[in-house]
Amino acid sequence: MAMRASEWQKLPVSLTELCINTSLRCGQSFRWRKSAEDEWSCALHGRILSFRQDPEHLHYRATFPSSSIPTPPPSNEPSAAPSVASDDDDTLALVKHYFNLGANLGRLYEQWAAADPNFKKRAPKFAGVRMLRQDPWEALIGFICSSNNNISRISGMVANLCLHYGPLIGHIDDVPYHDFPTPEALADPKVEAHLMKLGFGYRAKYIYKTAVMVAEKEDGLGWLDGLCNPELPAFGKDTGDAGELVEGGREGYRNAHQELLALHGVGPKVADCVCLMGLGWSESVPVDTHVWQIAQRDYKFGRGKHSSLTAATYTAVANHFRKLWGKEAGWAHSVLFTADLKAFSERLVAKTEVKEETTIVKEELDAGVAQVSKIKTTAKTRVKRAPADEGHVMVKAEEEITSRSKRRKTRRV
DNA sequence: CGGCTGCCTTGGAG
DNA sequence: ACTCCAAGGCAGC
């Protein structure tokens with residue numbers, strides 16, 4: 001397919017305000033792919049969006065299918081505004097919106113650290129973990145896929161959804177990039193069995209039924225978009241306190257959460273993920289297995305009344321964090337969540353030997369070498385085989401050399 | 001009504 | 001070979 005890439009643009013953004021290498025990989029969106037060294041790409045809103053970053057700038061570029069570029073004006077008309085410029089204006093707004101760039105993340109980190117010693121202790125190695133403002137429908141389906149699942153496999157499933165049901169936007173190095181499928185595309189009766197065959201398990205039925213429910217709404221996706229927080233993040237102006245918050249969050253948040261619970265495969269946790277990452281409700285705090293472990297380890301939950309993660313405990317944990325961190329509690333939660341991920345655990349270890357081993361294994365992967373490592377004879381890191389069904393997108397595994405953190409034995413979710 | 005149990009799918013790691 | 005676990009949800013008791 002003929003493509004047309006706009007030039008690289010840049011925005012002044014520090015790594016404290018945004019670290020794409022963390023924010024695009026920490027389980028908010030499951031769709032970003034490494035398209036080159038230190039470059040991340042994804043099909044969004046009819047274009048392929050690519051990002052790079054240096055310590056002072058976010059670099060971005062949009063690549064459009066040539067057919068979607070407005071046809072140049074006839075030669076007898078004055079060519080006033082180049083089409084690329086208008087595309088870039090659109091893309092700039094998209095980038096700012098997607099990264100919530102109106103918010104001052106550095107100041108928020110300071111406020112969370114001042115209010116919470118545990119945040120102060122854990123956050124320094126995880127600067128720039130910024131809440132994304134994703135498409136609500138994509139977030140909904142992505143997090144329905146997330147139940148009893150891991151980020152690597154979720155990413156593969158979402159890639160399969162896009163590959164089989166989403167529009168092809170273009171290629172980078174012969175790798176196809178598809179946009180996220182519409183509700184109508186997933187509401188076809190054949191979808192459930194097909195997704196089952198693709199390895200979605202019991203989530204196949206959830207996705208199909210939810211797609212039907214949304215597609216049958218009076219105004220379709222308008223219903224979902226109508227649950228969005230109407231105000232955009234702009235914390236930069238006033239007193240600077242993170243914002244006091246009524247217990248349980250604003251009414252718009254509570255309403256959106258309740259509405260989402262009517263969908264198949266959407267419980268309290270998935271609904272909170274959609275509220276936080278798709279609908280812009282910053283006080284939403286999804287309490288998943290990681291957050292529940294954090295609450296037990298660092299915030300004295302897991303005993304007495306709240307010894308197991310019941311519905312009441314879920315609310316108590318979320319309310320505790322809202323009271324502690326304030327209006328953007330969900331943003332703060334995302335920082336601690338990321339710090340708890342295995343994929344980022346190398347930052348928590350003394351980086352001497354481990355660092356070297358990681359580098360060596362990584363180089364072998366990059367070179368496509370299938371030989372047994374001379375360093376680690378039992379290296380488990382291996383290029384994942386492509387499943388039988390053609391077209392399954394491989395998701396490169398994180399090198400996980402370091403040992404995992406100890407888990408509580410008595411955990412029950 | 002709230003809490004608990006078993007079950008649902010898959011695949012990687014130990 | 002086997003168990004546990006990975007950003008859960010749901011029906012039944």
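Just so it is clear: chains get the letters A, B, ... in the order the sequence lines come, proteins before strands, and each one is counted from 1.
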*OP1, OP2 of C:dG8 versus side-chain N and O of A:S146: anything below 4.0 Å?*
no

*Centroid-centroid under 6.0 Å between A:H45 and A:F64 rings*: no

*Sticking with atom P, work out how far C:dC5 lies from B:dG6, rounded to a whole angstrom.*
16 Å

*What class does the angle between the rings of A:Y60 and A:F51 fall in, given that below 30° is parallel, 30 to 60° is tilted and above 60° is perpendicular?*
tilted

*Which residue pairs pass the side-chain hydrogen bond (donor to acceptor under 3.5 Å, both in side chains) test when at least one of the two sits in residues 207-216 of chain A, sequence neighbours left out?*
none

*What is the distance, rounded to the nearest whole Å, between atom CD1 of A:I154 and atom P of B:dG12?*
14 Å

*Using the six-membered ring wherever Trp is involved, compare the ring planes of A:Y299 and A:H320 and label them parallel, tilted or perpendicular (cut-offs 30° and 60°).*
perpendicular

*What interatomic distance, in whole Å, is found between P of B:dG2 and the corresponding atom of C:dA7?*
29 Å

*asked:* Roughly how many Å apart are C:dG12 and B:dT9, using the P atom of each and rounding to a whole number?
replied: 15 Å

*For A:F337, which contact category applies under a 4.0 Å heavy-atom criterion: base, sugar-phosphate, or nothing?*
base

*Sugar-phosphate, base or nothing in reach of A:H306, heavy atoms under 4.0 Å*: nothing

*Expressed as a whole number of Å, how far does the C1' atom of C:dG8 sit from that of B:dC1?*
22 Å

*Will you find, in the side chains of A:T313 and A:T310, an N or O donor that is under 3.5 Å from an N or O acceptor?*
yes

*Please work out which of the three classes, parallel, tilted or perpendicular, describes the rings of A:F344 and A:F126, given edges at 30° and 60°.*
perpendicular

Show each protein N/O and nucleotides 10-13 of chain C N/O combination with a separation under 3.5 Å, one pair to a line.
residue : atom : partner : partner atom : Å
C:dC10  : OP1  : A:G265  : N            : 3.1

*Show the numbers, then the answer: is there a salt bridge (charged side-chain N to carboxylate O under 4.0 Å, His left out) between A:R31 and A:E138?*
CA-CA 10 Å; A:R31 224 147 62 81; A:E138 176 184 338; 2.9 Å; yes

*In whole angstrom, what separates A:L341's CG from C:dC5's P?*
17 Å

*Determine the interatomic distance between C1' on C:dA6 and the same-named atom on B:dC8; round to the nearest Å.*
15 Å

*Got a donor-acceptor pair under 3.5 Å from the side chain of A:Y314 to the base of C:dG8?*
no

_Any A:S308 side-chain N or O less than 4.0 Å from OP1/OP2 of B:dC4_ = yes

*Hey, does A:K305 reach any base, or is it just sugar-phosphate, or nothing, if we go heavy atoms under 4.0 Å?*
sugar-phosphate

*Write down the distance between CG (A:L336) and P (C:dA7), rounded to a whole number of angstrom.*
16 Å

*May I ask you to say whether A:R297 pairs ionically with A:D340, meaning some side-chain N is under 4.0 Å from a carboxylate O?*
yes

*Whole Å only: how far is the CG atom of A:N150 from the P atom of B:dT10?*
15 Å

*For the side chain of A:Y202, counting heavy atoms from C-beta on, which of B:dG3, B:dC8, C:dA7 is nearest?*
B:dC8

*What's the CG-P distance between A:D340 and C:dC5, to the nearest Å?*
14 Å

*Choose from C:dA7, C:dA6, B:dG3 the nucleotide whose nearest atom is closest to any side-chain atom of A:Q293.*
C:dA6

*Give a yes or no on whether a salt bridge exists between A:K34 and A:E39, defined as a side-chain N under 4.0 angstrom from a carboxylate O.*
no

*Under 4.0 angstrom, heavy atoms only, what part of the nucleic acid is A:G27 near: base, sugar-phosphate, or nothing?*
base

*Where does the angle between the aromatic ring planes of A:Y202 and A:Y206 fall among parallel (under 30°), tilted (30 to 60°) and perpendicular (over 60°)?*
perpendicular

*Check the angle between the aromatic planes of A:F180 and A:W137 and answer parallel, tilted or perpendicular using the 30° and 60° thresholds.*
perpendicular

*Using both pair distances under 3.5 Å as the test, note the stems of at least 3 consecutive Watson-Crick or G-U pairs that include DNA chain C.*
B:3-8 with C:8-13, B:10-14 with C:2-6

*Quick one: A:M157 CE to C:dA7 P, roughly how many Å, whole number?*
13 Å

*Between A:N149 (CG) and B:dC8 (P), how many Å, whole number?*
17 Å

*asked:* Considering every strand and a 4.0 Å limit on heavy-atom distances, what is the contact class for A:A312: base, sugar-phosphate, or nothing?
replied: sugar-phosphate

*Can you tell which of B:dC4, C:dA7, B:dG11 lies closest to the side chain of A:R153?*
B:dG11

*Pick the P atom in B:dG11 and in C:dC10, then give their distance to the nearest Å.*
23 Å

*Within this structure, what is the CD1-to-C1' distance between A:I151 and C:dA6, rounded to whole angstrom?*
9 Å

